[in-house]
Structure formats: structure tokens, C-alpha cells
Amino acid sequence: EAGVAQSPRYKIIEKRQSVAFWCNPISGHATLYWYQQILGQGPKLLIQFQNNGVVDDSQLPKDRFSAERLKGVDSTLKIQPAKLEDSAVYLCASSLGPGQENYEQYFGPGTRLTVT
Amino acid sequence: DAKTTQPNSMESNEEEPVHLPCNHSTISGTDYIHWYRQLPSQGPEYVIHGLTSNVNNRMASLAIAEDRKSSTLILHRATLRDAAVYYCILRGYGSRLTFGEGTQLTVNP
């Protein structure tokens with residue numbers, strides 16, 4: 001079974017530039033998550049999709065971050081404009097169900113973003 | 001979200017059992033206890049979860065205290081590949097996974 005795919009794996013940009021990350025979840029997984037992981041910390045949920053609808057985006061900095069999941073499969077996360085503090089690993093995860101307590105999340109390898 | 005407390009780091013020797021503790025004194029009756037681990041330069045990986053009873057799977061065992069205020073993840077024979085950050089997470093119905101800083105496990109050859 002193919003895992004969660006993410007691209008690119010690494011990205012270096014200057015502050016105030018824009019960047020986009022792509023995620024392809026495991027086939028058949030209805031729920032998709034984007035996390036931000038700053039060095040030395042655990043991942044923090046940015047946004048959760050159920051099919052192509054947003055379930056939870058309470059921790060997404062909406063003035064600069066946006067995400068979409070067209071057709072309920074692939075997803076993109078965009079940052080515009082980037083700030084130095086956005087330097088982090090951006091993780092995508094997917095699960096079978098809509099965030100119920102016993103549904104395992106499968107994580108991709110992440111995209112490491114460096115903002116200079 | 002109810003919080004968990006884990007030691008920052010632990011060490012073990014290869015092929016010995018490892019007991020990773022987690023305290024969650026404010027756990028509610030509907031909170032599941034989840035464990036994930038994160039190997040270097042990888043995304044987190046599900047390990048095990050439980051509600052009240054002890055659980056076993058191919059990766060580990062989860063021992064849950066009778067009052068559910070603490071739990072222990074047990075790796076029966078540590079290998080070098082088990083060196084990772086282990087996260088203990090409480091998750092209620094419909095709530096998000098909230099990761100803390102976890103326990104950095106070092107496995108010595």
C-alpha cells in the first residue's frame with residue numbers, strides 16, 4: 001500500500017516570498033491533515049479536511065496560510081507571504097475516518113521549509 | 001485538550017525491554033490514549049492506542065492504570081531502529097491529535 005506522498009521534500013525561500021506544498025493521501029482516506037512542526041517541538045495541527053470540506057482550521061494563520069483539497073483527494077498548502085518564523089517541517093497526514101478517536105493517522109515524510 | 005506528562009528523555013540497551021511512562025491525571029472518560037513515534041527525519045508513525053484495557057500489537061504493548069491517570073508503553077526488545085521521539089496523546093471523540101514534546105528514546109548497542 002502506497003503511503004502519503006508529499007512534495008517537495010525541501011524548499012528554501014526568502015521572506016515575503018510565497019510557497020506551496022502538495023500532498024497526496026492514501027487512497028480511500030477521507031480525512032486529510034496538515035501539521036506544522038517547528039524544530040524541537042511536536043507537530044501542531046494547522047487544518048483538517050473531511051473529503052473536500054474543512055473540519056478544523058482554528059490554528060491556521062489565515063492571514064498568510066491557505067489550503068485546499070479539490071475533489072476530496074490531493075491537497076495543497078500555501079504560504080503567502082512567508083515569514084522567518086514559518087521555517088518548519090510541514091507534515092501531511094491522512095486517515096480513514098473523520099477524526100474519530102480510534103482512527104489511526106498516517107503521516108507523509110514532510111516538507112522542510114527554510115525561510116531566509 | 002487534556003494534557004500528558006512524559007520524561008524528556010530515556011535510555012535503553014539493545015534487546016532489553018523499555019517502559020515509557022505517561023501521566024494524564026485529567027483524562028476524561030471518553031479520551032483514548034494514543035502513542036505515536038517519530039524516527040529522525042520522518043513523519044510520526046502510529047504505535048498503539050487504548051481506552052481502558054491493556055493492548056498488544058506487533059510493535060508494542062500498552063499498559064493502562066486502573067484509574068486511567070497513567071499509562072506505559074512497553075517495547076519488549078528494543079532495537080536500534082526504535083530510537084525515536086515517543087508521543088503520548090489523549091484524544092477524545094472528534095478532537096485533534098495534540099502532540100507534546102514527547103520522550104526522546106536513545107537505544108545503546
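Protein chains get the first letters and strands the later ones, always in sequence-line order, with residue 1 at the start of each. We use all heavy atoms of the structure for the numbers below, so side chains are in, but hydrogens, waters and symmetry mates are not.
- The residues R64(A) and D86(A) are annotated as salt-bridged, a charged nitrogen and a carboxylate oxygen being separated by less than 4.0 angstrom.
- Classified by interplanar angle (parallel below 30°, tilted 30° to 60°, perpendicular above 60°), the ring pair F65(A)/Y90(A) is tilted.
- Contact of P43(A) with chain B is made through backbone and side chain together, with heavy-atom distances under 4.5 Å.
- Heavy-atom contacts from other residues, nucleotides or ligands closer than 6.0 Å to CZ of R112(A) number 12 or fewer.
- Heavy-atom distances place the side chain of Q38(B), and not its backbone, under 4.5 Å from chain A.
- For chain B, the option among Q41(A), Q37(A), Q6(A), K44(A) with the highest count of heavy-atom pairs below 4.5 Å is Q37(A).
- Other residues, nucleotides and ligands contribute at most 12 non-hydrogen atoms within 6.0 Å of the NZ atom of K71(A).
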